[in-house]
Amino acid sequence: MSEPMVTALGHAGLRLDAPGIRLLADPWLSQRGAFLGAWFPFPDNSHLLTPDLLDVDLVVVSHEHLDHLDLDLIAGLPPEVPVVIPRYPSTIMQRRLRAIGRTRVVVLDAWQRYPLGDHPDDWLTVIPEQCPMSHDSAVLIKVAGRSLLHTNDARISLAQTRRAMAEAGGPFDLMGAQMSGASWHPVRYEYDEVERERISTIKRVGKFKAVTRLVRSVQPRLVMPYAGPPCFLDDDLFELNSGLRPGGIFPDQGEALAWLADRLPQQPGVCLLPGDRVELGNLEVTRDPQWKDFSLAAGPEARCRYLREYADRRRAAIDGVWAANPPPAPGLPERFKAHFESLGTLSEYFLARIGMNVRFEVSGPGGGVWDAHIGPDRVRVDLDGGGCHADYRLILDGRWLDGVVSGRTRWEELLLSLRFTARRRPDHYNDYLVGLLKHADRAALRAVEEFEAARDPEETIEITVDGKRVQVSRFCPHAGEDLAETAVVVNGALRCLGHNFEFDLATGDCLNARCDPLQVKRDVAYEEAV
């Protein structure tokens with residue numbers, strides 16, 4: 001083999017075959033699904049799970065989400081196969097890999113090169129997101145004179161992609177771009193259908209626009225949108241597959257590629273299904289015969305029929321998830337109180353920025369209404385809740401909550417499982433609440449505090465609004481995105497395409513989330529105009 005070959009594994013997974021190296025990147029092929037058996041790859045990629053596919057020299061995993069960190073698959077690989085991961089403030093990935101017996105775990109710092117074979121020009125590196133609130137990374141691979149930027153779910157900046165091009169020595173041969181979101185908002189919130197559709201559209205289009213800007217800047221020889229969203233095979237969640245329809249919250253590869261083709265008509269792109277391959281030299285695509293009778297563009301009836309048959313094939317795995325999460329033993333309220341109040345000892349910085357009451361309405365044995373009063377300096381849980389205003393409300397079965405309390409499940413896995421419903425009053429996102437829950441780690445929370453304290457709000461850029469000049473902070477107060485590259489103005493508000501935070505250009509206040517304000521300096525003409 002003279003030219004590297006990339007095989008799509010579905011979702012964001014890839015296999016790379018090149019002279020002297022066989023590599024798996026973010027594979028997700030196990031039969032149990034992810035996040036309490038809620039997510040499964042779409043379409044079904046199980047035909048790829050063969051001894052030949054697993055005959056590899058190396059695995060690289062971008063982050064700890066279980067649709068990327070396939071513990072079942074990795075546990076079955078020969079012990080000598082190393083697993084390469086990025087370094088994050090939290091060591092949860094190392095601990096999870098050690099728990100399944102992996103002893104060859106290589107932890108890379110940002111931009112540190114890991115050699116692929118004996119040739120000095122063959123290597124890979126990791127590019128973590130700038131803000132440590134999200135532990136996610138892109139992977140850059142240079143091998144046999146070809147380059148691949150595998151972005152996974154990471155929202156890397158334009159500046160980071162420009163450095164990646166410099167490291168690779170020129171434009172990428174292939175760039176994989178994630179274009180499907182993975183969030184419980186708004187699909188699990190108590191909105192009417194019109195409002196849910198409105199929010200879904202904003203989030204989907206925001207994600208598409210951010211990736212379009214990135215691809216326009218990079219201009220790879222070939223772009224491959226993963227999009228490949230999850231599907232939901234459990235009867236309790238099956239209705240969420242409505243988000244897979246065109247225009248839904250979980251766009252598929254075909255919809256994502258059509259968007260790019262419309263906005264960037266000169267940019268070559270390809271839609272790869274699991275098992276499809278592309279050679280990085282001539283960019284020739286070889287299609288997997290598995291899909292000769294399958295089409296992403298099939299109508300809703302055909303797609304529903306496919307998903308029902310897929311669900312039948314995974315019935316034992318789904319039943320196994322329920323069996324592994326039985327109704328909780330007596331004492332759940334007291335265990336929950338102790339667990340949740342312990343979160344209040346991890347970061348005074350986060351508690352001060354949460355400052356809300358979170359109500360848990362828990363069904364099943366031992367359930368009840370429990371209010372967690374979070375901030376400003378501690379967490380207090382009232383097990384006789386319901387008597388105060390709740391800024392945030394979660395409704396869920398006690399069996400899933402007990403998994404978090406007992407330690408067999410992490411908070412973010414529970415939230416990504418979508419096995420709950422929620423409501424916010426006021427309807428503002430609080431990144432610090434989500435950050436406290438998803439990390440639950442002192443070092444990870446401290447890293448966010450240090451990152452935010454180091455930002456310089458005095459550095460500004462100038463934008464034009466209705467013909468008037470306005471100076472604003474160059475870097476987004478949320479995650480430090482460079483607003484010179486990621487800002488758009490919509491209806492008098494500045495929206496950062498990095499994470500869709502919106503700021504009022506009159507006051508600087510964040511309009512849709514709990515966040516420090518944007519610094520705004522207006523000239524006299526603008527003051528008179530408003």
Side-chain angles (χ1 to χ4, degrees), residues 130-131 133-134 155 157 181 183-192 194-210 213 249 350 352-358 374-375 389-393 422-436 448 451-452 455 457 459-523 526-527 529-530:
Q130 294 178 117
C131 176
M133 187 71 89
S134 293
R155 291 169 288 204
S157 69
S183 174
W184 51 91
H185 180 266
V187 294
R188 300 311 286 165
Y189 280 68
E190 296 176 346
Y191 298 122
D192 61 42
V194 172
E195 182 66 2
R196 186 176 291 109
E197 285 287 324
R198 185 188 71 83
I199 296 171
S200 295
T201 298
I202 290 172
K203 297 188 74 166
R204 184 184 69 256
V205 172
K207 180 75 170 178
F208 278 12
K209 285 183 175 179
R213 283 192 169 197
I249 191 65
F350 270 67
R353 284 158 178 77
I354 296 173
M356 65 166 61
N357 298 324
V358 180
I374 307 176
H389 168 74
D391 304 273
Y392 200 92
R393 187 179 73 174
R423 184 179 69 192
R424 297 190 298 225
R425 299 285 174 83
D427 191 14
H428 285 172
Y429 174 64
N430 190 304
D431 207 22
Y432 298 98
L433 173 63
V434 175
L436 177 67
V448 174
F451 173 83
E452 295 188 349
R455 292 188 302 221
E459 186 172 355
T460 62
I461 59 171
E462 188 174 277
I463 62 175
T464 301
V465 184
D466 297 330
K468 310 299 181 183
R469 298 188 306 275
V470 182
Q471 285 189 334
V472 300
S473 310
R474 176 170 179 176
F475 300 102
C476 178
H478 166 236
E481 294 282 346
D482 188 343
L483 295 177
E485 299 175 330
T486 64
V488 295
V489 177
V490 180
N491 297 326
L494 183 146
R495 178 183 298 162
C496 175
L497 292 178
H499 302 86
N500 287 316
F501 277 45
E502 292 187 356
F503 300 88
D504 188 317
L505 284 172
T507 65
D509 292 339
C510 187
L511 298 173
N512 61 348
R514 177 72 177 268
C515 180
D516 289 342
L518 184 73
Q519 300 299 312
V520 180
K521 299 178 182 178
R522 298 173 292 276
D523 63 18
Y526 184 82
E527 290 279 8
V530 298

message = Please check if the number of heavy atoms outside K203 that lie under 6.0 Å from its NZ is greater than 12.
response = yes

ask   = Does the side chain to side chain contact (heavy atoms under 4.5 Å, CB included) test come out yes or no for I463 and V472, once each step is laid out?
value = CA-CA 8 Å; I463 62 175; V472 300; 4.2 Å; yes

Restricting to non-hydrogen atoms, name the atom on [X] and the atom on [Y] that form the minimum distance, rounded to 0.1 Å.
{"X": "W184", "Y": "Y392", "answer": "NE1-OH, 4.1 Å"}
{"X": "N512", "Y": "E502", "answer": "OD1-N, 3.1 Å"}
{"X": "S473", "Y": "I461", "answer": "O-CG1, 4.3 Å"}

Would you check if [X] and [Y] make a side-chain contact, meaning some heavy-atom pair closer than 4.5 Å?
{"X": "L511", "Y": "R495", "result": "no"}
{"X": "F503", "Y": "P517", "result": "no"}
{"X": "E190", "Y": "R424", "result": "no"}
{"X": "Q130", "Y": "R155", "result": "no"}

Backbone of D509 reached by a side-chain donor or acceptor of T507 within 3.5 Å = yes

ask   = When you measure from the side chain of R423 to the backbone N and O of R393, does any donor-acceptor pair fall under 3.5 Å?
value = no

Nearest 0.5 Å, please: how far is [atom2] in [Y] from [atom1] in [X]?
{"X": "M133", "Y": "Y432", "atom1": "CE", "atom2": "OH", "value": "5.5 Å"}
{"X": "R474", "Y": "T460", "atom1": "CZ", "atom2": "OG1", "value": "10.0 Å"}
{"X": "D516", "Y": "E452", "atom1": "CG", "atom2": "CD", "value": "6.5 Å"}
{"X": "L483", "Y": "L518", "atom1": "CG", "atom2": "CG", "value": "6.5 Å"}
{"X": "S183", "Y": "K207", "atom1": "OG", "atom2": "NZ", "value": "11.0 Å"}
{"X": "H428", "Y": "M356", "atom1": "NE2", "atom2": "CE", "value": "10.5 Å"}

message = Between V489 and L505, does the side chain to side chain contact (heavy atoms under 4.5 Å, CB included) criterion hold? Intermediate values first, please.
response = CA-CA 9 Å; V489 177; L505 284 172; 4.1 Å; yes

request  = Have a look at Y191 and tell me which of R196, H185, E197 forms a side chain to side chain donor-acceptor pair (under 3.5 Å) with it.
outcome  = H185

key: Distance-only donor-acceptor check, side chains Y189 and D427, under 3.5 Å   = no

key: Side-chain donor-acceptor pair present, R425, H389, cut-off under 3.5 Å   = no

inquiry  = What verdict does the side chain to side chain contact (heavy atoms under 4.5 Å, CB included) test give for L433 and F350, after you've listed the backbone C-alpha separation in whole Å, the side-chain angles of each residue and the deciding distance to 0.1 Å?
reply    = CA-CA 8 Å; L433 173 63; F350 270 67; over 6 Å; no

task = Under the side chain to side chain contact (heavy atoms under 4.5 Å, CB included) rule, what do D391 and V358 come out as? Steps first, then yes or no, please.
result = CA-CA 6 Å; D391 304 273; V358 180; over 6 Å; no

